[in-house]
J.: 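Encoded as structure tokens, here's the structure I'll be asking about.
Given the structure is predicted, the values throughout are model-derived calculations rather than measurements.
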Amino acid sequence: MMGIVDDTDGDDRKRVRLGDRDALIGGTDEFVAASWLRSQAAGVSPEGGDIRYIGDVDVASRLVHYAQPVLEKLIEYTEDVPLSVAVSDNKGRVLSRLDTNSAIGALVDTISLAPGFSYAESEVGTNGVGTVLESGRSVHIVGAAHFHERFQKYSCSGAPIRDPLSGHIEGVLDLTCLVEHSTPLLHSFVRSAASTIETALLNDRELNQRILFNAFSKMEAKTRSPLLVAGKNVLISTSKAQKLFDADEQRIIVQHALYLAERATKATEEIELSPQRIVKIRTTRISSGKTVIGVGVSIADLTIIDSAVHGTTVAQVPQFNINSGSSAVAGRNYDSDPCNEVSSVWKSVTSLTRDAVERKENVVVIGERGAGKEKLIRDMVCNVHPSVTVVDIEPGFLTNDMKSEMSSNGNRSVYVILRHPERLTTNETTSVKKVLSDISSQGNLVGAAAMVTETESSEPEDNPLHRSLRGIFGRSIQVPPLRHRTNDLPYLVRQILNEISDNDVPEMDSETLEKLSTYSWPGNITELRHTLSECLSKKPSGMIEVEDLPASIRLSSIHASGILEHLEREAIVKSLEENDGNRMRTAKSLGIARSSLYRKMKIYKI
């Protein structure tokens, strides 16, 4: 069988059998055999089944924007070879594809290499997309190396596309052709092309960083208050802010501020950093064109709870007003309060949601896929109105069936959850509006929530709620993505492990939790649940450690704490690579002492 062309085959190999097929363990085919074992464990059938259509992929994402010119160039360079070039997201879902001619296009259509279809290894077995995501490296899968027999007449070369700052895999570039047209050069092409896309992403990041730095300079010149400016992988702060807040507190402030920036251009809000420290922040959204890239945070006030109540000392900071007082939080027992385990961002959202449910308001709940929008509403309705029946409505419903379901409840109160309102047809919208009005007029409607899914690139003001429904739904509630509430991870991990574990609930060590907190979680809570399920499949009991995490998370880089820190870290990594990991030569080439190199490697976790 044919395998990964950039590895070398050894003579001392063993054969492993998977059903009526086999692979060689050792050399190139050890990699393929490992992928086959994963595919088999995931329940993939070698004989087939349709490729699953996921849909709802972001075909206008930042990744597609910067990959498209590279795809077009690849098609131009390889026009004499029947070839399909595709880019997927970091879940293995195809986002875009171009073909050198219609013949190869018709062929790959039969294997559903098209936008919206999933090529995750757990779905279709060993291939040039999913196996890249599982292994974190480029691959060249040829012919019988594919686990799924449907793909065995094809050759697939795939390479990861990584975010240049975080190191996280943003997607995969894949070249597909028939086996007879396969050549090792395709593997080189795909790696080079993926690198070109990463450079474009880096240039975009650098532009955003310059915008953030300029915004910081302007804000700093206008205020004497402590100041922070934050964006993805960037945090710039004044010395005053650094003296007032430690790293964990800065992270709490930044995450809450980014959440506020997605909701409004400017905002003012209080954040509870701890039972003894409450900070009042003023935020200003920072944009590049129509894209929100960060937020400026001015510290308006910091309250430290009275020492007579908590035994604390009030520190005095020059040119900045700090209040002390007992306040409403002084009498609470935070050691036993479960609400104290979650971030101020989530406390704010749940407070808004509870208020809306208690007031029996109809609300629009906006958030990324997997962020927990629907669970938030269901849990709150159950908590506030335990006897209420929750009725779901989604596109494709039959009007008569919906009316029957509503009438079957008699005079019981109902709460309506409307999924994907942006997909409703005009007739469906009219039916929903009439049903909600009828139930409301009968006094049986205790509230309704329209679930609107946004992407990371969505405009904050974007509201795909059907125009004719806007008169029924009032306020909007923005549910933050997990990347804006990573301080909640210890609580969420414990909660999810408790839900999905069969026997004793396993624990997770602090290093693993720290690794989870540096990951960007594009799939939000859903991805976290899937990740923890994978960890439990590897280690059903005992302590979950970094080695138990999926490769995409385990190999992701830490977030840089600022522009200069990022540049320094990248310089050290590059020098280590150029010097084959030799620290003495690396220190010499960087012009620093070996002790300084060791210290910086420890700080940056290299």
J.: Output yes when R251 and D246 qualify as a salt bridge under the 4.0 Å nitrogen-oxygen rule, no when they do not.
T.: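 No.
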
J.: Evaluate V59 against V57 for side-chain contact (heavy atoms from CB on, under 4.5 Å), listing each step before the verdict.
T.: CA-CA 6 Å; V59 297; V57 294; 3.8 Å; yes

J.: Regarding N524 and R369, do their side chains bring together a donor and an acceptor under 3.5 Å, going by distance alone?
T.: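 No pair is found: no donor N or O on one side chain lies under 3.5 Å from an acceptor on the other.
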
J.: Heavy-atom count check: over 12 atoms from other residues, nucleotides or ligands less than 6.0 Å from E578 CD?
T.: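 More than 12 heavy atoms, drawn from other residues, nucleotides or ligands, come within 6.0 Å of this atom.
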
J.: Given 3.5 Å as the limit, does a donor-acceptor pair link the side chain of S61 with the main chain of V64, or not?
T.: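 Confirmed, S61 side chain pairs with V64 backbone.
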
J.: Kindly determine whether H140 and S157 satisfy side chain to side chain donor-acceptor pair (under 3.5 Å), including the steps that lead there.
T.: CA-CA 4 Å; H140 186 61; S157 300; 2.5 Å; yes

J.: For the NE2 atom of H65 and the CD1 atom of I197, what is their distance to the nearest 0.5 Å?
T.: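 Those atoms lie 12.0 Å apart.
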
J.: Set out, in order, the CA-CA distance, both residues' side-chain angles and the distance that settles side-chain contact (heavy atoms from CB on, under 4.5 Å) for I544 and K538, then state yes or no.
T.: CA-CA 9 Å; I544 296 175; K538 295 178 183 177; over 6 Å; no

J.: What are the two closest heavy atoms between A194 and A159, and how far apart are they?
T.: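 For A194 and A159, the tightest heavy-atom pair comes out as CB-CB, 3.8 Å.
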
J.: Can you check whether G581's main-chain N or O pairs, donor with acceptor, with N579's side chain at less than 3.5 Å?
T.: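 No.
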
J.: Are E198 and Y66 close enough that a side-chain donor and a side-chain acceptor fall under 3.5 Å?
T.: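 On atom types as modelled, these side chains do not qualify, holding no pair under 3.5 Å.
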
J.: Is any side-chain heavy atom of D174 closer than 4.5 Å to a side-chain heavy atom of V85?
T.: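 No, too far: nothing below the 4.5 Å cut-off.
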
J.: Run the salt-bridge test on R423 and E394 with the 4.0 Å N-O cut-off and return the result as yes or no.
T.: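 No, no charged N to carboxylate O under 4.0 Å.
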
J.: With a 4.0 Å cut-off on N to O distance, would you call R378 and D392 a salt bridge?
T.: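 Salt bridge flag = yes for D392 with R378.
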
J.: Please step through side-chain contact (heavy atoms from CB on, under 4.5 Å) for the pair D58 and D89, ending with a clear verdict.
T.: CA-CA 9 Å; D58 190 359; D89 64 14; over 6 Å; no

J.: Taking C-beta and beyond as the side chain, do I161 and V87 meet within less than 4.5 Å on heavy atoms?
T.: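 SC-SC contact between I161 and V87 confirmed.
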
J.: Determine the minimum heavy-atom distance between A145 and T126, stating which atoms define it.
T.: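 So the two residues come closest at O-CG2, 3.6 Å.
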
J.: Report yes or no: do E170 and N90 form a side-chain donor-acceptor pair below 3.5 Å?
T.: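 N90 and E170 do not have a side-chain donor-acceptor pair below 3.5 Å.
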
J.: Any chance you could measure S520, atom OG, to D163, atom CG, to the nearest 0.5 Å?
T.: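 Here the rounded value is 7.5 Å.
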
J.: Main chain of S188, side chain of S192: is a donor-acceptor contact present, judged purely on distance under 3.5 Å?
T.: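 Answer holds: no.
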
J.: If only atom types and distance count, is the side chain of S517 paired as donor or acceptor with the main-chain N or O of E514 below 3.5 Å?
T.: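 Judged by distance alone, yes, a pair lies under 3.5 Å.
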
J.: When you measure from the centre of the six-membered ring of F31, is the NZ or CZ of R137 under 6.0 Å away and within 45° of the axis?
T.: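 Judged by the rule, R137 and F31 form a cation-pi pair.
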
J.: Determine whether the aromatic ring centres of residues Y154 and H146 are separated by less than 6.0 angstrom.
T.: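 Centroid distance H146-Y154: not below 6.0 Å, so no.
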
J.: Side-chain contact, heavy-atom cut-off 4.5 Å: Q495 with L492?
T.: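 Yes. Closest side-chain heavy atoms under 4.5 Å.
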
J.: Salt-bridge test for K539 and D548: reply yes if a basic N is under 4.0 Å from a carboxylate O, no otherwise.
T.: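 So K539 pairs with D548 through a salt bridge.
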
J.: Donor-acceptor pair, distance only, cut-off 3.5 Å: does the side chain of T353 make one with the backbone of V349?
T.: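 Answer holds: yes.
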
J.: How many angstroms lie between atom CG of L71 and atom OG of S96, to the nearest 0.5 angstrom?
T.: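 Reported to 0.5 Å precision, the distance equals 5.5 Å.
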
J.: Does any donor atom in the side chain of E123 or Y119 lie under 3.5 Å from an acceptor atom in the other side chain?
T.: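 Per modelled atom types, E123 and Y119 side chains form no pair under 3.5 Å.
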
J.: Are any side-chain N or O atoms of N127 and backbone N or O atoms of V129, one a donor and one an acceptor, separated by less than 3.5 Å?
T.: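 Yes, N127 side chain to V129 backbone: donor-acceptor pair under 3.5 Å.
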
J.: Side chains of D488 and T486: any donor to acceptor distance under 3.5 Å?
T.: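 There is no such pair between these side chains.
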
J.: Answer yes or no: is there an ion pair linking K91 with E527, defined by an N-O contact shorter than 4.0 Å?
T.: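 Looking at E527 together with K91, the answer is yes, because their closest N to O distance falls below 4.0 Å.
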
J.: Flag the pair H168 / R162 as yes when at least one side-chain heavy-atom distance between them is below 4.5 Å, and no otherwise.
T.: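 No, side chains not in contact.
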
J.: Kindly compute the distance separating CG (L273) from CD1 (I252), expressed to the nearest 0.5 Å.
T.: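 If I round to the nearest 0.5 Å, the distance is 5.5 Å.
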
J.: Flag this pair as yes if the NZ/CZ of R483 is under 6.0 angstrom from the six-membered ring centre of W521 and inside a 45 degree cone about the axis; otherwise no.
T.: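 Not satisfied by the 6.0 Å and 45° rule.
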
J.: Describe, in one word, how the ring planes of H256 and Y259 are oriented to each other, choosing from parallel (under 30°), tilted (30 to 60°) and perpendicular (over 60°).
T.: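 H256 and Y259: perpendicular rings.
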
J.: For residues E121 and T131, is any side-chain donor paired with an opposing acceptor at under 3.5 Å?
T.: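 Result is yes, a qualifying pair exists.
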
J.: Got more than 12 heavy atoms from elsewhere within 6.0 Å of CD, E545?
T.: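 Enclosed: over 12 neighbouring heavy atoms sit under 6.0 Å from CD of E545.
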
J.: Would you check if E368 and K373 make a side-chain contact, meaning some heavy-atom pair closer than 4.5 Å?
T.: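 SC-SC contact between E368 and K373 ruled out.
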
J.: Can you measure from CG (L107) to OG1 (T176) and round to the nearest 0.5 angstrom?
T.: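 If I round to the nearest 0.5 Å, the distance is 11.5 Å.
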
J.: Okay, side chain of S88, backbone of V94: is any donor-acceptor separation there less than 3.5 Å?
T.: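 No.
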
J.: Of all heavy-atom pairs between S155 and S182, which one has the smallest distance, and what is that distance?
T.: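 Answer, listing the atom of S155 first, then S182: OG-OG, 3.0 Å.
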
J.: Could you measure the distance from the CE atom of M508 to the SG atom of C535? Nearest 0.5 Å is fine.
T.: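 Going from CE on M508 over to SG on C535, the span is 5.5 Å.
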
J.: Less than 4.5 Å apart, side chain to side chain, heavy atoms only: is that true for V172 and L133?
T.: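 Contact flag for V172/L133 side chains = yes.
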
J.: Between R419 and E374, does a salt bridge (Lys or Arg N to Asp or Glu O under 4.0 Å) hold up when you go through it step by step?
T.: CA-CA 9 Å; R419 295 196 185 104; E374 191 167 324; 2.8 Å; yes

J.: With heavy-atom distances below 4.5 Å as the criterion, would you say the side chains of R485 and I525 are in contact?
T.: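 SC-SC contact between R485 and I525 confirmed.
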
J.: Are W346 and V479 packed together at the side-chain level, in the sense that at least one heavy-atom pair is separated by less than 4.5 angstrom?
T.: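 Yes, side chains in contact.
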
J.: How far apart are the C-alpha atoms of L516 and L549, what are their side-chain angles, what is the distance that settles it, and do they pass the side-chain contact (heavy atoms from CB on, under 4.5 Å) test?
T.: CA-CA 9 Å; L516 293 182; L549 296 175; 3.8 Å; yes

